[in-house]
Amino acid sequence: MNLHHAVEITLTRPATHAELAHAARTLPLAANRDATRLMAVVRAKTPARALHRVRRRLDEALPVDVITTHYPDSGGHVLLNITLPPAADTAIRRAAACVGQKPRIFVQLALHRALAQRIEEEAALLDGAVQRLLATTTAAQLWAAVGRALTPTPGAPSC
């Protein structure tokens, strides 16, 4: 059964009006203001097939960088479709073979490790900032400041 999948396309540079018009004849698209990000709704059996279909239809017409599913799947994952330069593709295939993994799994695990490391680094930075604040103020004062920062001010523009 084919479903509709929302797909986001990130371009390597802004698309020209002529490029967008040509690509829109192949696939209906919605562009952001500077024409560097596009949205499409694609009919396909799976999200992966939707991304592949978009890549096939647009790769020659537009400077496509990354194609992603717009909404996370039931596991909270967003699928990526990236075309790597030949040298990078070869390096990934070799590294994956060295550890006995498929390239897709190798990249997936590497991304998970990098994201986990980044989360740990951000948490450490935040912990350090809080410790520095607590060295010069009380916990009650800090909580009051956090409350003020998170409470909208009447009349202030909302995000």
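Any value given below was found using the heavy atoms of this structure, including those in side chains, with hydrogens, waters and symmetry copies removed.
- Both V107 and I82 sit in one connected hydrophobic cluster of ILVMFWY residues. Membership requires side-chain heavy atoms under 4.5 Å apart, directly or through other members.
- Following chains of ILVMFWY side-chain contacts shorter than 4.5 Å, one can reach V99 starting from I92, so the two form part of one hydrophobic cluster.
- Under the 4.5 Å side-chain contact rule for hydrophobic residues, L111 and V66 share a cluster.
- Counting heavy atoms from C-beta outward, L29 and I9 have side chains that approach closer than 4.5 Å.
- Atom CZ of R56 and atom OG1 of T26 lie 11.5 Å apart (nearest 0.5 Å).
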Side chains of residues 117-138: which donor-acceptor pairs under 3.5 Å do they make with residues two or more places apart or in other chains?
residue	atom	partner	partner atom	Å
Q117	NE2	E121	OE2	3.1
R118	NE	E122	OE2	3.3
R118	NH2	E122	OE2	3.4
R132	NH1	G128	O	3.2
T136	OG1	L133	O	3.3
T137	OG1	Q141	OE1	2.4
T138	OG1	Q141	N	3.1
T138	OG1	Q141	OE1	3.3

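- Atom CG of L80 and atom CD of E8 lie 10.5 Å apart (nearest 0.5 Å).
- Within the 3.5 Å criterion, the main-chain N or O of T69 finds no donor-acceptor partner in the side chain of H5.
- Residues I105 and Q108 form a side-chain contact, since some pair of their non-hydrogen atoms from C-beta on lies under 4.5 Å apart.
- Atom NE2 in H112 sits 4.5 Å away from atom NE2 in H77 (nearest 0.5 Å).
- Scanning all heavy atoms of the two residues, the minimum distance from L79 to P47 falls at CD1-CB, 3.5 Å.
- Shown here for D65 and R55, the closest heavy-atom pair between the two residues is O-NH2, 3.5 Å.
- The two residues L62 and A23 come nearest to each other via the heavy atoms CD1-CB, 3.6 Å.
- The number of heavy atoms from other shown groups lying within 6.0 Å of CZ (R49) does not exceed 12.
- The two residues A40 and P28 make their nearest non-hydrogen contact at CB-O, 3.7 Å.
- Applying the 6.0 Å contact sphere to CZ of R57 captures more than 12 heavy atoms from other residues, nucleotides or ligands.
- Annotation: the span from R43 atom CZ to H4 atom NE2 amounts to 5.0 Å, rounded to 0.5 Å.
- To the nearest 0.5 Å, atom CG of residue L11 and atom CG of residue L20 are 7.5 Å apart.
- The side-chain contact (heavy atoms from CB on, under 4.5 Å) with V7 is formed by just one residue from the set L38, V41, I67, L27; it is I67.
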